[in-house]
Amino acid sequence: MKVFKFGGASVKDAEGIKNVGRVLESQGFENCMLVVSAMGKTTNALEKVVELYFGKEDFQHEITNVKQNHFDIADGLFSEKHPVFEEIKLIFDEISSFLSRNKSPNYDFVYDQVVSCGEIISSKILSAYLNQINFLNQWMDARDFLKTDDSYRDGNVNWEKTEKYISNFQRNICYVTQGFIGSDENNFTVTLGREGSDYSAAVFAYCLNAEAMTIWKDVPGVMTADPRKFKDVSLLSNISYEEAIEMAYYGASVIHPKTLQPLQQKNIPFFVKSFLEPEKNGTKVGMTDQNEYTESYILKENQVLIRIATRDFSFIAEDHLSLIFLLLAKYKIKISLMQNSAISLALCVEDKFNNIELLKAELNKQFNIEFVKGVSLFTVRNADLSDLNKFYQDKKILLEQISKQTIQMVTH
Ligand code: ASP
Ligand code: MG
């Protein structure tokens, strides 16, 4: 079986959905599982609904906007009487009725119940459209088989259960299902974190022992740098799992960091291709002895630089470090880079859940601290170290680290 993942940009409008049909035509449609994200900016819009709901503001208006947007897309694909319109309406009615009944003060729980609907709707529309053009497929609710714990907005996959459920899949059917979502023991919806659809696809590929997984993007593949941020970028056509994992870790946004590990474990080849030019090879990530060691650039923005020093000039020792790491884990703040000296520790971190002020308050009780928000982490992989100067031009560098062929700098 093959797993294809279509991201939000590939299904952002009726033309995008039609294009999925074209991609499948060029690739063959037998034995595949399609994993789809919410359309375009739907996830952001549904996040807004939750924000308004908790802020006791008018969220219904925002729901109506999102609903209308999906109706408009469906208008471009189906005739007026198609049952999909009723299905879309029902899903939005359910969001409203869930919010009016809800008593839970747990933001993350409510978020998952609401925001997950983006994927449910996009997958319904895609499945119905493909059936209409005779790409026969079965719609599946990912929450029936991708099982997680109850860490809302950051679900951890229960591999044992998920593998058991997925083993019942039939091999000769094409399935259309959702990325990003699963469910906990009580069957409440749990999301896997923003941009988590690639990871879902990798979980399915792993459990299905898929022959390959492809994610369809609006870029030609994995590039030497993000073409939206850098000029003169080129395509990496062949890279190893290790290289791809490192690039994702450093912040290459085409690859979701958690995606590679399940694929690597079963040696499932992973392709990143353009949905605009599906016949092109794109990037292959896999077991390869021809990893391309091309200089590549990765910019991770919206980071926070933290400097922590002891108050009494004592060394930053294991007990301090373990306290600091415990706090970082508690607030789900991820380290992108760290460096220590005798009496201080510098961390470049990413604060996905807006907890930085809480961390600051706790650290402040024990240490001298300095926080610089809004910094970027610039990483050069496979760098040509003989010409270091070119990397330093016009940059205000707050921290730097060079290891092997990798240069990293925190800049302001
Ligand atoms: N729709 C979700 C998001 O926008 C998941 C994904 O696209 O991967 O984050
Ligand atoms: Mg996406």
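Both counts, for ligands and for their atoms, begin at 1 and track the order of listing.
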Quiz prompt | Contact check: Lys5 vs ligand 1, nitrogen or oxygen atoms, below 3.5 angstrom | solution = no
Self-check item: Whether Phe169 and Tyr175 hold their rings parallel, tilted or perpendicular, with breakpoints at 30° and 60°
Solution: tilted
Exercise. Within a distance under 4.0 Å of any heavy atom of Ser197, pick out the atoms of ligand 1 and give their elements.
Key: 5 (C), 6 (C), 7 (O), 8 (O)
Practice problem: Please determine if Lys48 and Glu57 form a salt bridge, counting it only when a charged side-chain N lies under 4.0 Å from a carboxylate O. | Solution: no
Quiz prompt | From Glu211, Lys284, Met213, residue fulfilling side-chain contact (heavy atoms from CB on, under 4.5 Å) relative to Pro269 | solution = Lys284
Exercise. With heavy atoms of Glu119 as the reference, note each atom of ligand 1 found under 4.0 Å away.
Key: 1 (N), 2 (C), 5 (C)
Practice problem: Report, in ascending order of atom number, the atoms of ligand 1 lying under 4.0 Å from any heavy atom of Thr43. | Solution: 1 (N), 2 (C), 3 (C), 4 (O)
Practice problem: List in chain and number order the residues that pass side chain to side chain contact (heavy atoms under 4.5 Å, CB included) with Thr294, two or more places apart in sequence or in another chain; answer none if no residue qualifies. | Solution: Thr224, Leu236, Glu292
Exercise. Scan residues 174-192 for pairs that pass salt bridge (Lys or Arg N to Asp or Glu O under 4.0 Å), counting only residues two or more places apart or in two chains.
Key: Lys161-Glu185
Quiz item: Which ligand 1 atoms, with their elements, are less than 4.0 angstrom from a heavy-atom of Ser37?
Solution: 6 (C), 7 (O), 8 (O)
Quiz item: Which of these, Lys41, His256, Met39, Arg194, has its nearest heavy atom closest to atom 3 (C) of ligand 1?
Solution: Arg194
Self-check item: Donor-acceptor under 3.5 Å (Asp351 side chain, Ile333 main chain)
Solution: no
Quiz item: Heavy-atom contact under 4.0 Å between Gly196 and ligand 1?
Solution: yes
